[in-house]
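As a basis for the values below, the full set of heavy atoms in this structure was taken, side chains included, without hydrogen atoms, waters or symmetry mates. Both counts, for ligands and for their atoms, begin at 1 and track the order of listing.
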Amino acid sequence: MDAMLILKGTMIKKSQQRRRTSPCNYKERLFILDTRSLSYLERRPGKKPILKGCIQLSNIRCAEIVCSSIPIPCTNKYPFQVFHDNLHLYIFAPDNYCRQRWVRALKEEIRLNNLVVKYHPNFWMYGRWQCCHQTEKLAAGCKEYSPEPNGTKVLPEVPESKNTDRLGSPDNEGEGLVVALQDYTPQGHSDLPLKADQEYTMIDSSHPEWWIIQDNMGQKGFVPCTYIAEKSGRNFDRFDWYNKDVTRLQAEELLMTEGREGGFMVRDSRHAGFYTVSVFTKAAGSNGLKNPRVKHYQIKVIVAGGEQRFYLAEKHLFNNIPQVITYHKLNAAGLITRLRRPISHNSISTNSSFIHNEDRWEVDPEELVLGEELGSGQFGMVLEARWREKRVAVKMVKEEAMSEDEFIEEAQVLTKLSHCKLVKLYGVCSQRNPPCLVLELMENGCLSDYLRARKGQLSPATMLVMCLDVSEAMAYLESLKIIHRDLAARNCLVSKNNEVKVSDFGMARYVPDDLYTCSMGSKFSIKWSAPEVIKYSKFSSKSDIWSFGVLMWEVFSEGRMPYEHNTNTEVVEALATGLRLPRPRLAPDALYLLMEGCWRQKPGDRPSFAVLLHELASV
Ligand code: ADP
């Protein structure tokens, strides 16, 4: 039987130093893990990669992350180890997520091998083990090895006494308290779930990435340290947005060099004890011309109710600075742009940071065989292609139509989503110019064309199933607090088995409080937009519900244009007087009632997708 591919990605490999005299170097390699072996290849621009080494999985006796505070002399800072044939292979992943994926996958594959009982959690370096200081390279390990894929967090053993020291005694109350910056779903049984804005007690913060905290029910567990902030603390070193010793001038230089929309950093202000946010935008200035520039905002502090509160925009006060940053990552709320991506000395890249960090999504351009054009949209062409024996759709991005930033945003939203009624993203090919998205092929094209082409052939029952498909996908997005913002039949696709899936996430956003305000000019389509979107650009799941009502109308009208004889201005005026789209001939009364429910003036009076899905199913 052929070996099956499990993981593939570019990481850095340290030479294995088989002999004492062999050189110590770090080289970028393409790693491939399949069901038989772990191999690494050298990439050569324009040529086929060459195989540099191959380890049989049956010879691996330990795979585990390396836990070390020794400065790492290569750009990837997340090491893990593979012990095989009496050799230690050190591999450096670009981020912790990638490392965890590799270690978990390796552990899964080697679980039936003759595994070590103990291993060395730190590096072999300078002629000794940095964990136990033994000087024999093959000396037995000093820490028990867990073959469990979830046991990959190597944790410092903290004496009980030390734990309680950190809990905060009555005279330093608040010191041991942390606030969750965002929700966290446990990745393993030892993790603790987090709910944004809730308080927890810090138990141990000595690990570089995973901290132990306790919730108010007394449950303890691990959480990624960047998901929480000390209630009263100013140690931001762990956050990728903090640049300690950067002056205003250096910040401008760094941000202008990167030139990434919404690139930002937090740095120490000239005034001791204060912090400044520097942010880059290319957006047009007041004269309407593109104007790349950096703006600096000091994070303001006030004392309210005896407590310090921090803010950038007066209306949005927070208990600590990381919460301010988390909020403005999603909401510009008065800044020239929202804080889209942290830039620091270490993160300066030639490639996009997303592609770099999300190596697992990278599609090798050599594996893509492009075929015929399937269609073209406002952002560029969509082609049929073959990729790894699969027929796929490749969405190319016209450079002038969409900035790389916009493209990355669409891809970033998609990588986080997985639902059978959403068009699937297989990967991103960033090595092509322009870059492209590799998507699930939807043989029957977009829903509006499909409906028009089958006029008179579809039964109301089939139409209802189509609406159910879309509402299932939307209920999923609603549950994740993702707003689509451009739901319409033209943005849904139909599969070869006539299943409808939601697509086109170019404008989708994650919004924590289910409300998003922005000024986006003419990008949205008036005839699908809720009144509060037209008036104040207020997007929410309830404005998606309005658009869904229009989509149901399109389905039951066999792809007709809503308000086909009216201009946008006439539509806006008619809506204000309470007029709505008429019942399509093929829509049963019960279904038209649901449409009307979606078009209630007040967003709060409209149903949620979860409720609507239920009601549609019983029409
Ligand atoms: P727009 O940019 O206007 O939102 P898209 O670029 O998403 O539109 O798609 C343009 C056209 O390409 C669609 O109308 C459809 O016909 C075709 N298309 C897009 N994605 C796919 C896909 N995954 N499978 C098949 N056809 C697709």
*Does a side chain donor of either Glu261 or Thr281 reach within less than 3.5 Å of an acceptor in the other side chain?*
yes
_Min N/O separation Val382 to ligand 1 under 3.5 Å_ = no
_Ser503 to ligand 1, any heavy atom closer than 4.0 Å_ = no
*asked:* Do Arg43 and Thr10 pair up side chain to side chain, a donor and an acceptor below 3.5 Å, judged on atom types alone?
replied: yes
*Measure from NZ or CZ of Arg485 to the centre of the six-membered ring of Phe539, then state whether that distance is under 6.0 Å and the direction lies within 45° of the axis.*
yes
*State plainly whether the residues Arg391 and Glu384 are in salt-bridge range, i.e. N to O under 4.0 Å.*
yes
*N/O to N/O below 3.5 Å, does that happen between Lys395 and ligand 1?*
yes
_Cationic tip of Arg341 above Trp241 ring, under 6.0 Å, 45° of axis_ = no
_Element-labelled atoms of ligand 1 that are located less than 4.0 Å from some non-hydrogen atom of Ser376_ = 10 (C), 11 (C)
_When you compare ligand 1 with Asp449, is there at least one nitrogen or oxygen pair between them that comes in under 3.5 angstrom?_
no
*Could you pull out, from Val392, Leu493, Asp486, the option with a heavy atom nearest to atom 21 (C) of ligand 1?*
Leu493
*asked:* Under 4.0 Å from a heavy atom of Asn491: which atoms of ligand 1 are those, numbered in the order shown and with their elements?
replied: 4 (O)
_I'd like to check which ligand 1 atoms, numbered from 1 as shown, lie under 4.0 Å from a non-hydrogen atom of Ala393._
22 (C), 23 (N), 24 (N)
*Step by step, would you call Arg580 with Glu596 a salt bridge (Lys or Arg N to Asp or Glu O under 4.0 Å)?*
CA-CA 8 Å; Arg580 296 293 184 260; Glu596 285 184 314; over 6 Å; no
